[in-house]
Amino acid sequence: IPIGMNLPTLQPVPTGIATQTRTPTRTSTRTPTRAPTRPSLPTETPTPPPASSSDFFAAGMRERQNGYYARAIAAFQSALTLKPPAELAREAQFRLAEAYWLSGDGDRAIAVLNAYLQSNPDGAHVAEAHYLLADTFRQRNDGGNALARLQVFRQQTQTLAGDTDAAIADVLSRAGDSAGAIVQFD
């Protein structure tokens with residue numbers, strides 16, 4: 001028996017009375033207390049499913065920002081399936097391609113980026129599309145396509161100019177064009 005444990009004591013049973021029951025009595029006068037209750041946790045309110053192409057697009061952007069690329073892809077695809085207005089469709093198409101690129105699905109990224117460029121030659125994300133294509137081609141060691149996309153990107157924007165020049169030089173160097181790589185660094 002552990003020390004300090006109060007066990008009930010039994011009253012002796014008188015002899016000769018067979019119907020009497022034993023009643024335990026406590027040796028201490030401690031008042032029983034209720035077990036503490038845990039605070040109730042809030043119930044998660046389910047988010048209603050998006051109802052419009054703009055709702056799906058907004059959901060896709062949230063998922064992309066949070067790093068849930070598969071969910072973002074599904075949301076952007078759903079937005080495009082609902083035939084959104086032209087401006088939203090262009091943005092959703094680019095963001096779908098970007099989500100494929102972020103998820104590492106180069107084949108789908110290339111297909112959607114090329115479709116975006118074909119249908120939006122002057123679109124808001126043309127330079128970015130070329131950069132994402134160049135990066136995908138570089139990862140695949142496809143120097144010719146990577147170089148072409150990097151050069152287009154470099155002509156369209158001064159964004160990341162130093163990094164782009166270094167990437168072009170790297171592609172040229174890997175292709176064996178050391179002289180071209182050196183010129184690109186200058």
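If you read the sequence from its start, that first residue is 1, and numbering goes on from there.
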When clusters are formed by joining ILVMFWY residues with side-chain heavy atoms under 4.5 Å apart, either directly or through shared neighbours, do [X] and [Y] land in the same one?
{"X": "Leu102", "Y": "Tyr116", "value": "yes"}
{"X": "Ile73", "Y": "Ile110", "value": "no"}
{"X": "Val112", "Y": "Val126", "value": "no"}

For residues [X] and [Y], determine if any side-chain heavy atom of one lies less than 4.5 Å from a side-chain heavy atom of the other.
{"X": "Ser78", "Y": "Ser53", "answer": "no"}
{"X": "Phe76", "Y": "Phe57", "answer": "yes"}
{"X": "Leu117", "Y": "Leu133", "answer": "yes"}
{"X": "Gln93", "Y": "Asn120", "answer": "yes"}
{"X": "Phe94", "Y": "Leu113", "answer": "yes"}

If I compare all heavy atoms of [X] with all of [Y], which pair ends up nearest, and what's the gap?
{"X": "Arg64", "Y": "Ala72", "value": "N-CB, 3.7 Å"}
{"X": "Ala75", "Y": "Ala59", "value": "CB-C, 4.2 Å"}
{"X": "Gly106", "Y": "Thr136", "value": "CA-CG2, 3.9 Å"}
{"X": "Pro84", "Y": "Ala79", "value": "CD-O, 3.2 Å"}
{"X": "Tyr69", "Y": "Ser103", "value": "CB-CB, 3.8 Å"}

Step-by-step salt bridge (charged side-chain N to carboxylate O under 4.0 Å, His left out) determination, Arg95 to Glu98: CA-CA 5 Å; Arg95 296 302 175 181; Glu98 181 185 49; 2.9 Å; yes

Short side-chain to backbone donor-acceptor contact, Asn66 and Arg62, under 3.5 Å: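 Side chain of Asn66 to backbone of Arg62: a pair is present.
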
Distance flag, aromatic centroids of Phe153 and His130, threshold under 6.0 Å: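 Ring-ring flag for His130/Phe153: false, centres at least 6.0 Å apart.
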
cation_pi(Arg140, Phe137) dist<6.0 Å, angle<=45: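 Not satisfied by the 6.0 Å and 45° rule.
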
Salt-bridge present (Asp170, Arg138; N to O < 4.0 Å):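 The answer is yes: the pair qualifies as a salt bridge.
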
His125-Glu91 side chain donor-acceptor pair, cut-off 3.5 Å: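 Result is yes, a qualifying pair exists.
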
Donor-acceptor pair between Gln118 and Asn114 side chains, under 3.5 angstrom: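 Looking only at side-chain atoms, Asn114 and Gln118 do not form any donor-acceptor pair under 3.5 Å.
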
Mind checking the [atom1]-[atom2] spacing from [X] to [Y]? Nearest 0.5 Å is all I need.
{"X": "Arg149", "Y": "Asn145", "atom1": "CZ", "atom2": "CG", "value": "7.0 Å"}
{"X": "Leu82", "Y": "Gln77", "atom1": "CG", "atom2": "CD", "value": "12.0 Å"}
{"X": "Tyr100", "Y": "Leu132", "atom1": "OH", "atom2": "CG", "value": "14.5 Å"}
{"X": "Thr159", "Y": "Arg154", "atom1": "OG1", "atom2": "CZ", "value": "10.0 Å"}

Partner residues of Asp122 under the salt bridge (charged side-chain N to carboxylate O under 4.0 Å, His left out) criterion, sequence neighbours left out: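 In terms of salt bridge (charged side-chain N to carboxylate O under 4.0 Å, His left out), with neighbours along the sequence ignored, Asp122 is linked to no residue.
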
